[in-house]
Q: 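After the structure tokens below, expect a handful of questions from me.
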Amino acid sequence: MKEECGVFGAFVQGELETKVFEIAKTVLFHLQHRGQEAAGIVISDGKRLKQHKGIGLVQGVFANGENYKGQIAIGHVRYSTRGRSDLLHAQPLIAEYLGHEIAIAHNGQLDNADEIRKNFEKQGTIFITRSDTEIFLHVLTRNLRKPPIEWSAKEIGEIFSKEISGSYSLAIATANKLMIFRDPKGYRPLFYSKVDDNYFFASEDSALKIITPEEIDIKEVEQGSYFEISKETIEKGKFSESKNSAHCFFEFVYFARPDSNIFGHSVHVIREELGKLLAKEKPVEADIVVPVMDSGFSASLGYSKQSKIPLELGLVRNHWVGRTFIKPQQSIRQQSVKNKLHPIERVIKNNRVVLVDDSLVRGTTMKEIVNMVRLAGAREVHVAIASPPVKYPCYWGIDIPTSEELVASNKTIEEIKNEIGCDSLAYVSLKGIKELLGDEYEKFCLHCFNGRKK
Ligand code: SF4
């Protein structure tokens, strides 16, 4: 399973046409936490699409001063969930149909991708990639037998609502227009800002803040809605009236940046509340609270405030190493853990430590951290996880492994505790999350925790 990414889109006019590539690069840099395997930008100069993409981090991919001018830009940072981690699968993908180009950048994952792919293959269609993203293009060309410059976002939305199921925050560029779509259940976040006559779209509002003046609102793209922006038209509409939302709760737990506000909430505040909940539900006697940096920080702050146990910097993170969870192979993942976190012995020695982390997926990272903290002289190591046990894989775009690899899917909490070698192990309860979210609980997908598909 695979695809957690960040997308960007822009339609600009006048002087900004010379700066749009730079703007795209800046926004992608601020979406880097959503994908570190590849990055790419496509610019339309009104006639042709020009592209630069590569494997690696944004700064590396665009290190040679590439700079294309144009009115339309789309961009992408990728973490593969479906499809290989190579340049062919780096996005945006560009294709040509009836003599006209189309580029597409996608955050999400389709749950009927295999079925659609099989049907196309039966009819003789060849796929270039294993990515879900290519499926959008085949579905569109089958339905819209005309050049992409004549496609409208309204008709595309209608096709999606009939044929595509799953999560997608999508940016599409043709030579003459930018089109943006967010799936009917709003699994992944997507935002926009309008600055004079310029429109900017990005997966998280924190990335748009960099290019949007403070007095201008950054708004959420409504679920099931589209934008079509060209020289001639600015059209915005709904292609689905579904009232059933499935906002990904894991965006709060791990993926989104703490300074983002997604699904109507501050990511930092939700994480802090989860930490408080943990301390309330499963208190332990300890001397210090140590965050597993960086993603465990907000929750540990909440844990410390609630428990009155002082928060200490007992683990330092090397920021030059990528995020552990979003590395595609287990061997790379384990190596990253050792390189990533370093204990401060003066803080840890002789103390009873509560280690707070956002989630426990495979358990391999935490096992090493617990060992590291014990070697640094901790008297006791208690692990507090600011989310419920992850028991089920995700089919909507987060790289949660198969059930066999998920430590909580076939082990009790006591068995997990023994496996990772800590003195106690606590998770936030689903009941606690339900109380925290109140009436909004039903708007969230928590399938990886409770097994309920929405
Ligand atoms: S299953 Fe989990 S990770 Fe996937 S969309 Fe739902 S909450 Fe998010």
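Atoms within a ligand are numbered from 1 in the order they appear, just like the ligands themselves. It should be emphasised that the depicted structure is a prediction, and the values quoted were computed from it without experimental measurement. Residue numbers start at 1 and run along the sequence shown.
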Q: Closer than 4.0 Å to some heavy atom of His447 - which atoms of ligand 1 meet that?
A: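 Close to His447: 1 (S).
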Q: Under a 4.0 Å N-O cut-off, is there an ion pair linking Lys219 with Asp217?
A: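 Not counted as a salt bridge, because no side-chain N and carboxylate O are separated by less than 4.0 Å.
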Q: Does one side chain, of Ser165 or Asp111, offer a donor that lies under 3.5 Å from an acceptor on the other?
A: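 Present: a donor and an acceptor within the cut-off.
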Q: What protein heavy atom lies closest to atom 7 (S) of ligand 1? Include the residue and the distance to one decimal.
A: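 In this structure, atom 7 (S) of ligand 1 has Cys445 O, 2.9 Å as its nearest protein heavy atom.
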Q: At less than 4.0 angstrom from any non-hydrogen atom of Phe249, what atoms of ligand 1 do you find?
A: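 In order of numbering, the contacting atoms are 7 (S).
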Q: Only heavy atoms of Ile398, strictly under 4.0 Å: list the atoms of ligand 1 that pass.
A: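 Taking each heavy atom of Ile398 in turn, ligand 1 has 3 (S) under 4.0 Å.
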Q: Take atom OH in Tyr97; do more than 12 heavy atoms of anything else shown fall under 6.0 Å from it?
A: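 Result for OH/Tyr97: enclosed.
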Q: Just checking, any donor-acceptor pair under 3.5 angstrom between side chains of His33 and Glu204?
A: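 Their side chains do contain a donor-acceptor pair, which is all the 3.5 Å distance test asks for.
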Q: Please determine if Glu419 and Lys367 form a salt bridge, counting it only when a charged side-chain N lies under 4.0 Å from a carboxylate O.
A: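 A salt bridge is absent here (no side-chain N lies under 4.0 Å from a carboxylate O).
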Q: What's the shortest distance from atom 4 (Fe) of ligand 1 to any protein heavy atom, and which residue and atom give it?
A: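 Ranking protein heavy atoms by distance from atom 4 (Fe) of ligand 1, first comes Cys394 SG, 2.2 Å.
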Q: Should the pair Lys236 and Tyr192 be classed as cation-pi, given the thresholds of under 6.0 Å to the six-membered ring centre and 45° from the axis?
A: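 Judged by the rule, Lys236 and Tyr192 form no cation-pi pair.
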Q: For ligand 1, is there an atom lying under 4.0 Å from some heavy atom of Arg188?
A: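 Under 4.0 Å: yes for Arg188.
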Q: In terms of atom number and element, which parts of ligand 1 are under 4.0 angstrom from non-hydrogen atoms of Cys448?
A: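 Per the distance check, 1 (S), 2 (Fe), 3 (S), 7 (S).
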Q: Would you check if atom 8 (Fe) of ligand 1 lies under 2.8 Å from any N, O or S atom of Cys248?
A: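 Checking Cys248: at least one N, O or S atom is under 2.8 Å.
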